[in-house]
Undergrad: 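The structure under discussion is supplied below as structure tokens; questions concerning it will follow.
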Number of protein chains: 2
Amino acid sequence: MKKAPQILDELGFRKTEIRIKVLEHLQKVEKAVSQPELEKKFNNLADRVTLYRILSAFEEKGIIHKIMDVHGVARYAMCNEKHCTEHEHHDEHVHFNCTECGDVVCLDTVKVPIIKLPKDFSLSRLNLNIEGTCDNCQK
Amino acid sequence: MKKAPQILDELGFRKTEIRIKVLEHLQKVEKAVSQPELEKKFNNLADRVTLYRILSAFEEKGIIHKIMDVHGVARYAMCNEKHCTEHEHHDEHVHFNCTECGDVVCLDTVKVPIIKLPKDFSLSRLNLNIEGTCDNCQK
DNA sequence: AAATAAATTGCAACATTGTTGCTATTATAA
DNA sequence: TTATAATAGCAACAATGTTGCAATTTATTT
Ligand SMILES: [Mn+2]
Ligand SMILES: [Mn+2]
Ligand SMILES: [Zn+2]
Ligand SMILES: [Zn+2]
């Protein structure tokens, strides 16, 4: 996996402490994280607004994608699909929301089946949120 | 379709003007509506908080179900599935969010296929939001 | 019809998530 | 080292949602 500072460099971002840390965190946890979570984690390292702007900036460059979780909170995760760009994100996998630990993970291996819509409906994007118990929380 | 006042009666709710109007509206539009939308529609007929409480009350009795739309806003729609109760909602159909008109509809006829999750993940609920253009907005 | 009890409503206050404008700071290039 | 463009911080605001409590209203009972 490419190192965070190099990624920032290639995208024309500056290598500030908080940007490096946020990106490294996203790479490490392999989960979809929210701004409030980042705020807790990097307590006085950056302002709330800065975190929101970092996440938006990363998303616009296509290195992370944004999803709404079951609580209506925005979460961001690394794009593993190779073909994500600034304007086209490919995110056709299941987003699993654990009711026990609250974690949200992209199940890259579980693709959303093709859905046939009624006549005159056209599809541009989709998000399948599944709630349940994750492997870690399984008794 | 059962009339709104009768439904309220049977559920032990009082037949207040706003409750009747909200329920009739939900029956008529056949869409998933949000509190902000109801607030605009029934401008000075009820307080914001009252609308939130009406929606929660209806949901708890199993006559409407709650979904998060693509913007993270809670929406409520009539339960057509016959087997919805206070604690078990059956909502395994597609929720279509039109990017043109902003409407959200339950596509009762488009069921979400069975998804096979990885080992040790268990499913309790799911919500498939699809974004695109609805039949009304199709050019 | 009047009294009562319980459900419903309104209001104020608050919490959380998210956005915008502007200024100050800082990383990088020249 | 200096210049400049990007980044960050702060304040203010918006939107959605929740809670507590007092006032009102519906429906029941007398
Ligand atoms: Mn994803
Ligand atoms: Mn539905
Ligand atoms: Zn879990
Ligand atoms: Zn439409």
Side-chain angles (χ1 to χ4, degrees), chain A residues 4-24 32-61 63-76 86 97 102 104 129, chain B residues 4-24 32-61 63-76 86 97 102 104 129:
Chain A
Q6 191 197 339
I7 296 177
L8 293 174
D9 228 2
E10 289 174 0
L11 293 174
F13 289 131
R14 289 183 179 174
K15 287 161 280 182
T16 65
E17 185 182 3
I18 184 62
R19 290 196 173 214
I20 295 172
K21 289 233 170 98
V22 167
L23 185 47
E24 283 175 343
V33 305
S34 63
Q35 176 277 327
E37 283 175 351
L38 292 177
E39 198 182 342
K40 268 170 213 104
K41 176 141 190 74
F42 301 115
N43 198 350
N44 37 26
L45 201 66
D47 189 79
R48 277 170 9 89
V49 178
T50 299
L51 295 174
Y52 279 113
R53 292 205 260 235
I54 289 174
L55 292 170
S56 301
F58 286 0
E59 191 205 3
E60 274 167 25
K61 289 295 183 181
I63 52 170
I64 64 178
H65 63 273
K66 177 188 189 174
I67 58 195
M68 281 294 171
D69 72 14
V70 292
H71 300 106
V73 174
R75 289 178 173 269
Y76 297 83
E86 347 213 346
N97 299 236
V104 178
N129 271 319
Chain B
Q6 192 197 338
I7 296 177
L8 293 174
D9 228 3
E10 289 175 1
L11 294 174
F13 290 129
R14 291 183 178 173
K15 288 160 280 180
T16 64
E17 184 181 3
I18 184 63
R19 289 194 176 217
I20 295 173
K21 290 233 170 100
V22 167
L23 185 46
E24 284 175 342
V33 305
S34 63
Q35 176 277 327
E37 284 174 351
L38 292 178
E39 199 182 343
K40 270 171 212 102
K41 175 142 191 73
F42 303 115
N43 199 350
N44 37 27
L45 201 66
D47 191 77
R48 279 171 5 89
V49 179
T50 300
L51 296 174
Y52 278 114
R53 292 203 260 234
I54 289 175
L55 293 170
S56 301
F58 287 0
E59 192 206 2
E60 274 168 24
K61 289 295 183 183
I63 53 171
I64 64 178
H65 63 273
K66 178 187 189 175
I67 59 196
M68 281 293 170
D69 72 13
V70 292
H71 301 104
V73 174
R75 290 179 174 269
Y76 297 82
E86 347 214 344
N97 299 237
V104 178
N129 271 319

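Here is how names work: the chains are called A, B, and so on, in the same order as the sequence lines, proteins then strands, and each is numbered from 1. Computation of the quantities below employed the complete heavy-atom set of this structure, encompassing side-chain atoms and omitting hydrogens, waters and symmetry-equivalent molecules.
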Undergrad: Taking C-beta and beyond as the side chain, do B:Val22 and B:Phe58 meet within less than 4.5 Å on heavy atoms?
TA: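 Yes, close enough: below the 4.5 Å cut-off.
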Undergrad: Mind checking whether B:Leu23 and B:Ile63 have side chains closer than 4.5 Å, heavy atoms only?
TA: yes
Undergrad: What is the distance, rounded to the nearest whole Å, between atom CD1 of A:Ile18 and atom P of D:dT7?
TA: 13 Å
Undergrad: Rounded to whole angstroms, how far apart are CG on A:Asn44 and C1' on D:dA8?
TA: 15 Å
Undergrad: Mind listing the residues from residues 48-57 of chain A sitting with a heavy atom below 4.0 Å of DNA chain D? Number order is fine.
TA: A:Val49, A:Thr50, A:Arg53, A:Ile54
Undergrad: After noting the C-alpha distance and the side-chain angles of B:Glu17 and B:Lys21, does the key distance pass the salt bridge (Lys or Arg N to Asp or Glu O under 4.0 Å) rule?
TA: CA-CA 6 Å; B:Glu17 184 181 3; B:Lys21 290 233 170 100; 2.9 Å; yes
Undergrad: I'd like to check the salt bridge (charged side-chain N to carboxylate O under 4.0 Å, His left out) partners of B:Asp9; sequence neighbours left out, ordered by chain and number.
TA: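 Applying salt bridge (charged side-chain N to carboxylate O under 4.0 Å, His left out) to B:Asp9 gives B:Lys15.
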Undergrad: Quick check for you: name the first and last nucleotides of DNA chain C, 5' to 3', having an atom under 4.0 Å from a heavy atom of chain B.
TA: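 Listing 5' to 3', DNA chain C meets chain B from C:dA6 to C:dA12.
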Undergrad: Can you sort out the partners of A:Thr16 under side chain to side chain contact (heavy atoms under 4.5 Å, CB included), two or more places apart, ordered by chain and number?
TA: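 By the side chain to side chain contact (heavy atoms under 4.5 Å, CB included) rule, A:Thr16 matches A:Arg14, A:Ile18, A:Arg19.
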Undergrad: Without decimals, in angstroms, what is the distance between A:Ile20 CD1 and D:dA8 P?
TA: 10 Å
Undergrad: Listing time: all N or O pairs from protein to nucleotides 27-30 of chain D that are below 3.5 Å?
TA:
residue	atom	partner	partner atom	Å
D:dA27	OP1	B:Lys15	N	3.1

Undergrad: Of all the heavy-atom pairs spanning B:Arg75 and B:Ala32, show the shortest one and how long it is.
TA: NH1-O, 2.8 Å
Undergrad: Using the side chain to side chain contact (heavy atoms under 4.5 Å, CB included) criterion, which residues pair with A:Gln35? Sequence neighbours excluded.
TA: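 Only A:Glu39, A:Arg48, A:Leu51, A:Tyr52, A:Leu55 meet the side chain to side chain contact (heavy atoms under 4.5 Å, CB included) criterion with A:Gln35.
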Undergrad: Quick check: closest heavy atoms across B:Met68 and B:Asn129, and the distance to 0.1 Å?
TA: O-ND2, 2.8 Å
Undergrad: To the closest 0.5 Å, what do you measure between NE2 (B:His65) and CD (B:Glu59)?
TA: 9.5 Å
Undergrad: Provide, to the nearest angstrom, the distance between the CE atom belonging to B:Met68 and the C1' atom belonging to D:dT16.
TA: 9 Å
Undergrad: Send over the distance from B:Lys66 NZ to D:dG17 P, rounded to a whole Å.
TA: 7 Å
Undergrad: State, without any angle test, whether A:Asp69 and A:Asn97 hold a side-chain donor-acceptor pair at a distance under 3.5 Å.
TA: no
Undergrad: Run the salt bridge (charged side-chain N to carboxylate O under 4.0 Å, His left out) test against B:Glu24 and tell me which residues pass, sequence neighbours left out.
TA: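 Salt bridge (charged side-chain N to carboxylate O under 4.0 Å, His left out) check on B:Glu24 returns nothing, list empty.
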Undergrad: May I have the distance from B:His71 (atom NE2) to D:dG17 (atom P), rounded to whole angstrom?
TA: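 The answer, rounded to whole Å, is 13 Å.
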